[in-house]
> 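Before I ask anything, here is the structure I am working with.
No experiment lies behind these values; they were computed from the predicted model shown.
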Amino acid sequence: MIGQSSSGSVADVREEDLLTYLRNPYNYLKQIRNASKYLTNKHGVLKDVIRMIKTLPTLKYSLNWSVDDSKDIDEHEKTANQFLEDIEVVKFIRDGLYQVALEGTVVSCLRSKKYVQFLEIDDLKIDKMRDGKWVVEFDLASLDNIRDAQERKEKIASLPDEVTEGKYNRYKNSKDDKSRYIELKNCEVIALDSLRGVPYGLPYTIGAWNSILQKEMIDSVEKSVSQRMLAQILILKAGHYDKEGTRPVDRELIQFYFNEVSKLLQQKEGATRGGGSANKINGSGLVAFPSFFDLESLDIDTTMFKKELYEKIMDDILMNLGVSRALVFGEGGNYSSAQVNSEKIFSYIFALVEEFERAVNNFLKTILPNNVRCRIKFDKSTVLDKQTEIKNKYDLYMQTSLVSPWVEAVMDMPIQDVAKQRKLEEELKLDELFYPAQNAHTTSGDKVGKPSKDNEEIDNENTARSRTNDGNNNPRPSDK
């Protein structure tokens with residue numbers, strides 16, 4: 001459960017309520033989204049996995065065109081590239097991957113054909129489809145929660161153009177459901193692992209929450225044990241005045257030392273809690289005992305849980321997240337298992353990228369004429385397999401002479417930018433200023449290899465004798 005403090009912030013997540021939510025998650029979507037944000041911010045392993053989903057794909061892309069007249073491609077290509085630059089398409093998808101993994105659902109809205117805005121799901125109504133697409137409506141009643149008029153006005157200004165202050169005032173006066181919901185244009189709903197016919201998805205990490213809560217329970221017990229260690233039980237032992245053990249220490253003297261030690265510990269405890277006065281001891285206390293007194297602490301067994309239990313819980317968390325230790329921490333397992341796991345998680349990420357690819361293609365339709373079709377296609381490559389990608393595209397170039405994929409993989413930029421850079425180098429005549437050192441690959445002509453010396457320049461007797469006898473052309477043992 002997500003408990004709420006008086007300030008409205010998230011207080012705690014309880015295991016019993018989590019089980020209730022999982023029985024019928026679509027009835028508790030808001031609570032689940034809040035729980036995901038809380039647990040992800042609290043536990044680094046969850047945040048690390050979500051960051052991995054965001055950053056692993058390279059998101060290199062190409063544009064595929066379908067037009068009646070190929071001469072029009074240049075003009076439309078410039079428009080499409082400018083549009084993708086305006087909406088910061090790569091950043092849009094990376095932010096979307098993070099948010100959809102965190103919350104389970106992302107609703108993106110194209111504003112003014114220049115930027116993409118993520119809308120608050122709690123402010124929306126999504127319960128019907130039209131032509132295979134979800135219809136997104138804004139709930140004007142969500143603005144009632146904003147009491148300050150100026151703050152409400154600023155909120156409306158940040159929303160899509162269909163939401164206006166006039167429409168909100170009409171709804172306030174009529175309280176009619178027909179005027180309560182405002183349909184929004186150019187919206188795309190992207191859900192994680194959603195059922196067909198359901199617009200909402202669930203957070204990527206939800207399967208690991210039960211193991212996370214078990215870990216929190218163990219951490220709570222550990223904290224309790226550590227507090228017991230900080231508040232140790234001290235034992236004041238009194239012996240005898242003599243070595244023979246015939247004269248026990250007087251009760252009055254024992255009581256005196258006991259009271260002094262208790263007073264010193266109370267001063268230390270008060271200073272630790274911030275309630276001590278300026279003349280009280282602020283750190284460690286010091287007391288001297290005669291040889292017949294001894295102060296010892298009561299031994300407490302702090303080994304509550306063994307190392308194997310912690311490793312099992314962490315393995316459960318990673319297993320429910322679908323990742324291996326090698327992929328997250330770079331430890332455990334072997335190369336083969338890590339490779340299989342990485343390919344598995346990559347396929348899942350690429351399926352998500354395809355959803356955002358669909359959204360971008362729908363956005364492209366809004367800026368191009370009806371007789372022009374342009375589709376964006378993202379490479380299925382990650383930052384971990386860059387060298388493999390370069391090698392594969394080099395092999396493709398050697399077999400087909402298709403140079404663009406190879407050059408783009410090496411330069412990490414579109415072929416258009418590479419071409420512009422090459423033209424600039426030619427204009428600046430950089431080949432005359434920078435050139436490779438001479439070697440067997442860069443030297444042309446008949447005279448190759450090491451320059452030969454004339455007979456009079458030879459200073460080695462064996463070399464001169466070999467040339468005279470034509471020793472280089474003598475048969476070798478291996479030639480027989």
> Are the side chain of Thr20 and the backbone of Glu16 linked by a donor-acceptor contact shorter than 3.5 Å?
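Flag set: sc Thr20 to bb Glu16 pair under 3.5 Å.
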> Can Lys167 and Glu162 be counted as an ion pair, charged N to O under 4.0 angstrom?
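Looking at Lys167 and Glu162, the cut-off is not met.
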> Above 12 or not: heavy atoms from other molecules or residues under 6.0 Å from NZ of Lys393?
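Yes.
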> How long is the gap from OG on Ser108 to CG on Leu119, to the nearest 0.5 Å?
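Here the interatomic distance stands at 8.0 Å.
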> Can we say Lys380 and Glu354 salt-bridge, meaning some charged N sits less than 4.0 Å from an Asp/Glu carboxylate O?
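Yes, charged N to carboxylate O under 4.0 Å.
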> Could you go through the side-chain contact (heavy atoms from CB on, under 4.5 Å) check for Lys47 and Tyr98 one step at a time?
CA-CA 10 Å; Lys47 184 176 282 291; Tyr98 185 90; 3.1 Å; yes
> With rounding to the nearest 0.5 angstrom, report the CD1 to CD distance, Ile317 to Gln214.
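If I round to the nearest 0.5 Å, the distance is 8.5 Å.
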> How far apart are the closest heavy atoms of Pro57 and Leu97, and which atoms are they?
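Smallest heavy-atom distance, with atoms named: CG-CD1, 4.0 Å.
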> With side-chain contact (heavy atoms from CB on, under 4.5 Å) as the criterion, how do Lys37 and Glu103 come out once you've worked through the C-alpha distance, each side chain's angles and the decisive distance to 0.1 Å?
CA-CA 8 Å; Lys37 296 173 185 176; Glu103 299 186 5; 3.0 Å; yes
> I'd like to check the side-chain contact (heavy atoms from CB on, under 4.5 Å) partners of Thr388; sequence neighbours left out, ordered by chain and number.
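Thr388 satisfies side-chain contact (heavy atoms from CB on, under 4.5 Å) with Asp385, Asn392 once adjacent residues are dropped.
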> Can you find a pair of side-chain heavy atoms, one from Asp48 and one from Met52, that are under 4.5 Å apart?
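No, their side chains stay 4.5 Å or more apart.
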> Run the side-chain contact (heavy atoms from CB on, under 4.5 Å) test on Leu84 and Val360 for me, step by step, so that the C-alpha distance in whole Å, both residues' side-chain angles and the decisive distance to 0.1 Å come before the verdict.
CA-CA 9 Å; Leu84 295 176; Val360 175; 3.9 Å; yes
> Taking C-beta and beyond as the side chain, do Glu389 and Glu408 meet within less than 4.5 Å on heavy atoms?
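The answer is no; the side chains never approach within 4.5 Å.
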> Quick one: are Glu85 and Asn81 in side-chain contact, heavy atoms under 4.5 Å?
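SC-SC contact between Glu85 and Asn81 ruled out.
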> My understanding is that only residues two or more places apart in sequence, or in another chain, count here; which of them pass salt bridge (Lys or Arg N to Asp or Glu O under 4.0 Å) with Lys125?
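Once residues adjacent in sequence are excluded, the partners of Lys125 under the salt bridge (Lys or Arg N to Asp or Glu O under 4.0 Å) criterion are Asp127.
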> In sequence, state the C-alpha distance, the side-chain angles, and the governing distance for Arg130 and Glu183, and then conclude on salt bridge (Lys or Arg N to Asp or Glu O under 4.0 Å).
CA-CA 12 Å; Arg130 184 184 301 129; Glu183 183 174 340; 2.7 Å; yes
> Have Gln82 and Asp86 got a donor and an acceptor in their side chains that come within less than 3.5 Å?
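Yes, Asp86 and Gln82 have a side-chain donor paired with an acceptor closer than 3.5 Å.
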> Does a side-chain heavy-atom distance below 4.5 Å link Leu29 with Leu202?
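Sidechains of Leu202 and Leu29: in contact.
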> Check Arg375 with Glu357, please: is the shortest side-chain N to carboxylate O separation under 4.0 Å?
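Not counted as a salt bridge, because no side-chain N and carboxylate O are separated by less than 4.0 Å.
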> Of Ile50, Ile212, Leu102, Asn320, which is the lone residue that meets side-chain contact (heavy atoms from CB on, under 4.5 Å) with Thr205?
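Result for side-chain contact (heavy atoms from CB on, under 4.5 Å) with Thr205: Ile50.
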> Output all residues satisfying side-chain contact (heavy atoms from CB on, under 4.5 Å) with Asp139, sequence neighbours left out; order by chain, then residue number.
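Result, side-chain contact (heavy atoms from CB on, under 4.5 Å) vs Asp139: Ala141, Arg180, Tyr181.
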> In the structure I gave you, are the side-chain heavy atoms of Glu137 and Lys128 within less than 4.5 Å of one another anywhere?
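Counting from C-beta outward, Glu137 and Lys128 do come under 4.5 Å.
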> Roughly how far, to the nearest 0.5 Å, is CD1 of Ile376 from OH of Tyr61?
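One gets 5.5 Å once the value is rounded to the nearest 0.5 Å.
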> Decide yes or no for Thr382 and Ile349: does some side-chain heavy atom of the first lie under 4.5 Å from some side-chain heavy atom of the second?
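A side-chain contact is absent here, since even the closest heavy-atom pair is not under 4.5 Å.
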> Report the distance from atom CD of Glu88 to atom OH of Tyr115, rounding to the nearest 0.5 Å.
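The CD atom of Glu88 sits 12.5 Å away from the OH atom of Tyr115.
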> Of the non-hydrogen atoms in Ile156 and Val163, which two are nearest, and what is the gap between them?
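Looks like CG2-O, 3.7 Å.
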> Indicate the atoms forming the closest heavy-atom contact of Ala80 with Leu364, along with that distance.
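Closest pair (atom of Ala80, atom of Leu364, distance): CB-CD2, 4.3 Å.
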> With a 4.5 Å heavy-atom cut-off, do Asp17 and Tyr28 have their side chains touching?
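Of all side-chain heavy-atom pairs linking Tyr28 with Asp17, none is under 4.5 Å.
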> Applying ring-ring contact (aromatic ring centres under 6.0 Å, His included), name anything that partners Trp406, two or more places apart in sequence or on another chain.
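Result, ring-ring contact (aromatic ring centres under 6.0 Å, His included) vs Trp406: Tyr394, Tyr397.
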> Heavy atoms, side chains only, cut-off 4.5 Å: are Arg373 and Lys365 in contact?
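With C-beta onward as the side chain, the pair touches.
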> What's the shortest heavy-atom distance between Pro160 and Gln117, and which atoms?
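What the structure gives for the nearest pair is CD-OE1, 4.2 Å.
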> Please find the pair of heavy atoms, one from Val116 and one from Phe363, that lie closest to each other, and give the distance.
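Closest approach of Val116 to Phe363: CG2-CE1, 4.0 Å.
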> Above 12 or not: heavy atoms from other molecules or residues under 6.0 Å from CZ of Arg358?
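Yes, CZ of Arg358 has more than 12 neighbouring heavy atoms, counting only those of other groups under 6.0 Å.
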> Among Leu143, Ile182, Asn173, find the residue that satisfies the side-chain contact (heavy atoms from CB on, under 4.5 Å) test when tested with Tyr168.
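Checked Leu143, Ile182, Asn173 against Tyr168; only one passes side-chain contact (heavy atoms from CB on, under 4.5 Å): Leu143.
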> Just verifying a value: how many Å separate Ile218 CD1 and Leu213 CG, rounded to the nearest 0.5 Å?
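With rounding to 0.5 Å, CD1 (Ile218) is 11.5 Å from CG (Leu213).
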> Other residues, nucleotides and ligands only: do more than 12 of their heavy atoms fall within 6.0 Å of NZ on Lys133?
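Yes, NZ of Lys133 has more than 12 neighbouring heavy atoms, counting only those of other groups under 6.0 Å.
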> Applying salt bridge (Lys or Arg N to Asp or Glu O under 4.0 Å), run through Arg111 and Asp161 and close with a yes or a no.
CA-CA 8 Å; Arg111 300 284 307 276; Asp161 298 336; 3.6 Å; yes
> List for me each residue that meets side-chain contact (heavy atoms from CB on, under 4.5 Å) alongside Leu433, sequence neighbours excluded, and say none if there are none.
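Leu433 satisfies side-chain contact (heavy atoms from CB on, under 4.5 Å) with no other residue.
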> For salt bridge (Lys or Arg N to Asp or Glu O under 4.0 Å), just list the numbers for Glu426 and Lys423, CA-CA rounded to whole Å, side-chain angles, deciding distance to a tenth of an Å, and then say yes or no.
CA-CA 5 Å; Glu426 291 179 349; Lys423 290 179 180 179; over 6 Å; no
> At what distance, to the nearest 0.5 angstrom, does CH2 of Trp134 lie from OG1 of Thr105?
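These two atoms lie 11.0 Å from each other.
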> Could you go step by step and tell me if Lys54 and Asp95 meet the side-chain contact (heavy atoms from CB on, under 4.5 Å) rule?
CA-CA 7 Å; Lys54 172 183 177 179; Asp95 293 343; 4.0 Å; yes
> According to the ring pair (Phe, Tyr, Trp, His ring centres under 6.0 Å) rule, which pairs have a member within residues 188-215, sequence neighbours left out?
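Qualifying pairs, neighbours excluded: Tyr204-Tyr348.
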> Testing the basics here: between Ile146 and Arg152, what is the closest heavy-atom pair and its distance to 0.1 Å?
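Shortest heavy-atom separation between Ile146 and Arg152 comes out as O-NH2, 2.8 Å.
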